[in-house]
Novice: 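The structure is given below, and queries will be raised subsequently.
When reading the values below, keep in mind they use all heavy atoms of this one structure, side chains included, and skip hydrogens, waters and symmetry mates. Here, residue 1 is the first one in the sequence, and each next residue gets the next number.
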Amino acid sequence: MNEKLEDLMYRAGLTAQGCWDSMDQYDREAIMDFAKLVADAEREACALLCDEHGDKWADGNDEWCNGQATASYYCAIAIRARGEQEQPR
């Protein structure tokens, strides 16, 4: 488990008074899977906003508009790539 996830679990109260330690492996894995699903959904929502922004600029007739569209699409690609990196458990 990485430090960021540990901090989030602490802030959510999952590590209070041994809560995490008293859970069985199934419960721990379910919480970790849920955290990944939430992160994936939020990441995709952000990438879609970038795609939408790019689509708005893609119809422009000048270089500046095309640059804005390209930058937006690259941001969407970078955001999605973060989800493809191996997540430590």
Novice: How does the hydrophobic cluster around Leu49 look, that is, which other residues are in it when side-chain heavy atoms under 4.5 Å mark a link?
Specialist: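 Grouped by the 4.5 Å side-chain rule, Leu49 forms a cluster of one, so the answer is none.
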
Novice: Working to the nearest 0.5 angstrom, can you tell me the gap between Glu3 CD and Tyr10 OH?
Specialist: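 One gets 15.0 Å once the value is rounded to the nearest 0.5 Å.
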
Novice: Could you work out the complete set of other residues in the hydrophobic cluster of Trp64, with links drawn between I, L, V, M, F, W and Y side chains under 4.5 Å apart?
Specialist: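 Other cluster members: Trp57.
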
Novice: Would you name the heavy atoms of Cys19 and Ser22 that are closest together and state the gap between them?
Specialist: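 Smallest heavy-atom distance, with atoms named: O-OG, 2.9 Å.
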
Novice: Remaining members of Leu37's ILVMFWY cluster at a side-chain heavy-atom cut-off under 4.5 Å?
Specialist: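 Taking Ile, Leu, Val, Met, Phe, Trp and Tyr as members, Leu37 stands alone, with no cluster partners.
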
Novice: If hydrophobic residues (ILVMFWY) are linked whenever their side-chain heavy atoms come closer than 4.5 Å, directly or via other members, who joins Phe34 in its cluster?
Specialist: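 Grouped by the 4.5 Å side-chain rule, Val38 form the rest of the cluster around Phe34.
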
Novice: Could you tell me which non-hydrogen atom of Ala69 sits nearest to which non-hydrogen atom of Gly54, and how far apart they are?
Specialist: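 Looks like CB-O, 3.4 Å.
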
Novice: Mind checking side-chain contact (heavy atoms from CB on, under 4.5 Å) for Cys75 and listing every partner two or more places apart, or none if nothing turns up?
Specialist: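 So Cys75 forms a side-chain contact (heavy atoms from CB on, under 4.5 Å) with Cys50.
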
Novice: Quick one: side-chain contact (heavy atoms from CB on, under 4.5 Å) partners of Asp59, sequence neighbours excluded?
Specialist: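 Checked Asp59 against side-chain contact (heavy atoms from CB on, under 4.5 Å); zero matches.
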
Novice: Within a reach of under 6.0 Å around CG of Asp24, are more than 12 heavy atoms found that belong to other residues, nucleotides or ligands?
Specialist: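 Atom CG in Asp24 is crowded, with more than 12 foreign heavy atoms closer than 6.0 Å.
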
Novice: How would you list, by chain and number, every residue that makes a side chain to side chain donor-acceptor pair (under 3.5 Å) with Asp27, sequence neighbours excluded?
Specialist: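 In terms of side chain to side chain donor-acceptor pair (under 3.5 Å), with neighbours along the sequence ignored, Asp27 is linked to no residue.
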
Novice: Salt bridge or not for Asp40 and Arg43, using N-O below 4.0 Å?
Specialist: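 So Asp40 pairs with Arg43 through a salt bridge.
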
Novice: Give me each pair satisfying side-chain hydrogen bond (donor to acceptor under 3.5 Å, both in side chains) with a member in residues 66-80, each pair once, sequence neighbours excluded.
Specialist: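 For residues 66-80: Glu44-Arg80, Asp51-Arg80, His53-Ser72, Asp55-Tyr73.
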
Novice: Any salt bridge (Lys or Arg N to Asp or Glu O under 4.0 Å) involving residues 14-23? Give me the pairs, sequence neighbours left out, ordered by first then second residue.
Specialist: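 Every pair satisfying salt bridge (Lys or Arg N to Asp or Glu O under 4.0 Å) with a residue in residues 14-23: there are none.
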
Novice: Applying the 4.5 Å side-chain criterion to the ILVMFWY set and letting contacts propagate, would Leu14 and Met32 be lumped into a single cluster?
Specialist: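 Leu14 and Met32: one cluster.
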
Novice: For Gln25, enumerate each residue passing the side chain to side chain donor-acceptor pair (under 3.5 Å) test, keeping only those at least two apart in sequence or located in another chain.
Specialist: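 For Gln25, the residues satisfying side chain to side chain donor-acceptor pair (under 3.5 Å) (neighbours in sequence not counted) are Glu29.
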
